[in-house]
Amino acid sequence: MVAATGNADTTVGHGELIKAVERALNTHGRALLTGPAGAGKTEALATVAAAASARHETVLRLTPEAADQWIPEASAAALLASVPAAALERLSGPQRTAIALLCRETDAPRAGRDHVALRLAVVEVLRTLASANPVLLVLDNAQWLDAESTDLLRFALRLTPPRVRVLVAECVQGGAPVGGPLCGPGTPAIRVPALGADEIAELLARHGLPARLAGRIHQASGGNPRLALALGHSLAEAAEARDGSAHHADPLPLSGQAREVARRLLAEAPAQARRTLLLAALAARPTTALLRRAGRPDAEAELAEAERAALVTVGEDGAVAFTAGALPMALAADARWPERAAAHAALADAVDDPVQAVRHRALAVDTPDEWLAAEITEAAASCRRRGQRALAAELGLLAAERTPSNRAGDELSRLVAAAEDAGWAGRADLARRATRAVLARDASPADRVRARLAVIDAAGQALADLDETFAYAMDDAAADPALRAAVQLRIATKYNLSDGDPVRSRDAAAEAGRLAALGGDQVAEAMALTVRARMGRILGDPDAEDILAEALALPAPEVPLGMRNAPQYLAVRHALFDDRLADARRQLLVLLPAVRRTGSAEDVFEVLRSLTEVELRRGRCALASAHARRALELTIEAGLSPGPAWYAAAMAEAVGGSFARAAAYARRGIQASEEEHDQVFLSRSLYALGLTELATGEAAAAVATLRRVAELEEAQQVVDPSILRWHGELAEALVAVDAPDEAAELLASVRTVALRLGRTAVLPALDRARGLCLSAQGDADAAVDLLAATADRFAALQLPVERGRTLLALARVERRRRRRAPARAALGAAAEVFAAAGAKPWAELAEENRDHTPAAAAGGPAVALAALTEAEARLALLVAEGASNQEAAAKLFVSVKTVEARLTRIYQKLRVRSRAQLATTLRTP
């Protein structure tokens, strides 16, 4: 036990937990924290202790270790040995002697010691300390207290005054709990919650680990921060040893600290329960019924023990799910081969899925067997037909491993098929594993190209580091124009996605089309035309639609690999860009079941992302959120690049969920896209963040964020304004920071391009921003007329969220010219529109503004503020509250000179001469 010094960092994700602990201590004087090892109990204790120390409380900490539980009175001795000498001076002689004996400060024999004196001494020490300052006794790892110390502390704490508060953390490991009896009846027991995916992302970022790994690490750790960090560090170390980078789909290595943390968690279950857990770990879809059939008749009781230890959850239907994905990995890794083989053999007889039966039979042996290999190959084909490409890839690799050495041709074909299945499934780890095996054999150039293309296809957005793979694939494909076309198509995607160069992408696609035609591959030719059409739209090429029509006219499979390069999918995207939303939705709902049958996780994601965007535009926010949620789940399950999924989630939250969550998702999308050099989704996540900042009144921050979008779009040579509609948002943000002339210039430029390209769908949003510009430039009547007409246009186009945003803008203009009744009417109409669309954060924004809009213009601060622009009003309020020019500049993200100039205009408009007069004018009556 030591006195706490210094300040502890706030525990990631446990802000509400800390508040609950403080409330319990203030109300009851006692609090008990529980949770599994690594949940963050120690960090929470440190945070509470640091806060108490900052309040000049005396903080005593006792942290026994595992070995201490077997040493009688070890923890009591540690407690008293650390007490300041001054607190011992008032003790009686027998009490001092008892403490000296306990702390081994005398050679007197322990036999015959006065236990009553010792107990009273501990009580007296705590009372003495409390007489000077409040005392907080922080006891961590209570489960490792020895029995004698537990008894002594229980007695002492019953007699201490209220100024002695007690905070205990305990991890029960099969034995009787200690914390409850120690603190006494009625003590609030607070369980440390698991961290969410956002909090895991923050935790990883604080430790310099890639944010793109957050989804998979959250799933593998179950939100346990210690396990999450251990997994993150293990993955980063493994990646560095391999090639210096960690891929989002790399297998999570369970070694070193990560394995030890998982073992400690599993140690909380009895040995019998762990045997049942091993079977559950090896089964694809474990249930209590399956485990009983596999030889565990007491499965329910044993799983109940595991559930109490927070290792699994058991559903009403008997489905068993591990709370952390690393736990089944640890169980399998720690089991000896005979145990695993026996478990697989038992499961092979117990499962009712023929494919899983074959898989378990294969895993129960480790010798080559051509009959078994053929059976596994057929099972892989069955999975392929079901759309279970990841499982097909796993089975293909297993079939190759079970192929005898005299069947080298069969082994190679199985490896190539496994690689291609992994490419479809987005499983980069399996694709690399199969490809390494192909390249280690006497494979033909065609097989080497097919395997390398699988690695590229499985990489998702992370194409920037695959230049060497592209080079080798092109070299192997030199003699075959169809294979060269396939490689060139991937190069075209890489030029756009990673390099942000649509011109090179278009040219590469043209070369791919030429090669495909030469090789007689019409599917590749159609895909090449699709890439050309997409790049043409980006670059403002008027022939883009004709090129797409040419691609659609070519014969092609229902859904080729790589949905983004399928002409029918690009037709959907064009319909979305043009606000032909009913057409887009209808085609997407046809594509969704088709892509699910293919087993391509990335293609399914593409359709779900587009459905999210379509439903948001249509004002069906609940549906959009459901699609975005499924897209995010799929991304984590399949190990896809997370940047696009976080962008989709950010947009769904920004329109129909929570602005705070939207900003969090957007920031994670930005970080992940930067880590993977994904220029396309970097600009999209920045747009989502800028939109959220604009909506929440952070106009200066929105300008900075949206300027980055503009710079990225310019660098990527994006001409068409309908693809990512950031222009109106940037113009609105510029108006809000008192730069209407710059906003007007931007809008005029974009409008010219939109009209030249026939992109009339973008004009209403530009008109909304132009209405705000007119208001800021002093033409309020024209602004009101334009905004009212724009709101009607959005209503006719059946774009309710955009209509609601326009009504909000109209209300701001009406309020600025002191017309309170029209302002309140516009806000009321906006709130109704948003509520009907399920646009929750916007509805709340409208209601909040309506509540703060006075019914009549009777003078006072509201009228004064109405005379100012939004940027001026924010500055005026900050200055009136006492902010200096430097402080205001920092909060508004502008220069001090800008503050000074803006403040001069405020003084002129309000006819005041000083900060004191300004504060008086804006003071609420």
Side-chain angles (χ1 to χ4, degrees), residues 419-420 423-424 431 445-464 466-539 541 543-571 573-574 600 602-603 606 678-680 716-717:
E420 291 184 324
W424 275 86
D447 283 340
R448 291 198 298 269
V449 172
R450 289 169 62 194
R452 285 190 165 111
L453 290 180
V455 170
I456 294 168
D457 291 335
Q461 314 301 107
L463 298 176
L466 293 179
D467 287 343
E468 188 175 315
T469 303
F470 280 113
Y472 277 114
M474 187 58 81
D475 184 65
D476 281 331
D480 187 330
L483 287 176
R484 287 168 60 199
V487 178
Q488 199 71 35
L489 265 174
R490 273 77 172 182
I491 291 173
T493 298
K494 188 254 185 189
Y495 282 153
N496 179 48
L497 200 63
S498 301
D499 301 345
D501 192 338
V503 173
R504 291 181 73 192
S505 178
R506 180 194 60 194
D507 294 344
E511 175 64 9
R514 186 188 69 79
L515 290 167
L518 188 62
D521 188 343
Q522 289 189 310
V523 172
E525 190 178 357
M527 295 174 76
L529 286 167
T530 302
V531 176
R532 284 181 56 199
R534 176 184 295 106
M535 297 307 106
R537 175 109 188 195
I538 290 171
L539 294 165
D541 182 353
D543 296 330
E545 295 300 330
D546 291 338
I547 295 171
L548 177 57
E550 186 181 348
L552 288 166
L554 286 172
E558 181 185 26
V559 184
L561 173 61
M563 175 57 69
R564 67 167 67 93
N565 291 337
Q568 57 267 53
Y569 182 64
L570 183 59
R573 296 296 298 174
H574 283 196
S600 172
E602 192 163 17
D603 285 355
E606 280 290 335
D678 179 351
Q679 302 301 301
V680 172
Q716 294 174 70
Q717 305 174 66

Review point. Can Asp541 and Arg532 be said to form a salt bridge (charged side-chain N to carboxylate O under 4.0 Å, His left out), step by step?
Key: CA-CA 10 Å; Asp541 182 353; Arg532 284 181 56 199; over 6 Å; no
Exercise for review: Take Asp467 and Lys494, measure what side-chain contact (heavy atoms from CB on, under 4.5 Å) needs, and give me the verdict at the end.
Suggested key: CA-CA 9 Å; Asp467 287 343; Lys494 188 254 185 189; 3.1 Å; yes
Exercise for review: Assess whether side-chain contact (heavy atoms from CB on, under 4.5 Å) is satisfied between Gln716 and Val680, documenting all intermediate values.
Suggested key: CA-CA 9 Å; Gln716 294 174 70; Val680 172; 4.0 Å; yes
Practice item. Mind running salt bridge (charged side-chain N to carboxylate O under 4.0 Å, His left out) on Arg450 and Asp447 for me, showing each step along the way? Key: CA-CA 5 Å; Arg450 289 169 62 194; Asp447 283 340; 3.4 Å; yes
Practice item. Let me see the working for Asp499 and Gln679 under side-chain contact (heavy atoms from CB on, under 4.5 Å), right down to the final yes or no. Key: CA-CA 7 Å; Asp499 301 345; Gln679 302 301 301; over 6 Å; no
Practice item. Take Thr493 and Arg490, measure what side-chain contact (heavy atoms from CB on, under 4.5 Å) needs, and give me the verdict at the end. Key: CA-CA 5 Å; Thr493 298; Arg490 273 77 172 182; 5.6 Å; no
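Considering all non-hydrogen atoms of both residues, Ala516 and Ala524 come closest at CB-CB, 3.7 Å.
Side-chain contact check for Val503 versus Met535: every heavy-atom pair is 4.5 Å or farther apart. For the pair Asp480 and Val449, the minimum side-chain heavy-atom distance is 4.5 Å or more. At least one side-chain heavy atom of Leu548 sits less than 4.5 Å from a side-chain heavy atom of Glu545.
Taken from CD1 in Ile456 to CD1 in Ile491, the straight-line distance is 7.5 Å, to the nearest 0.5 Å. Note that the CD atom of Gln488 and the CG atom of Leu483 stand 13.0 Å from one another [nearest 0.5 Å].
Side-chain N or O atoms of Tyr472 include none that pairs as donor or acceptor with a backbone N or O of Arg452 at under 3.5 Å. Judged by distance alone, with hydrogens and angles left aside, the side-chain atoms of Ser505 form no donor-acceptor pair with the main-chain N or O of Asp501 at under 3.5 Å.
Other residues, nucleotides and ligands place more than 12 heavy atoms under 6.0 Å from the CZ atom of Phe470.
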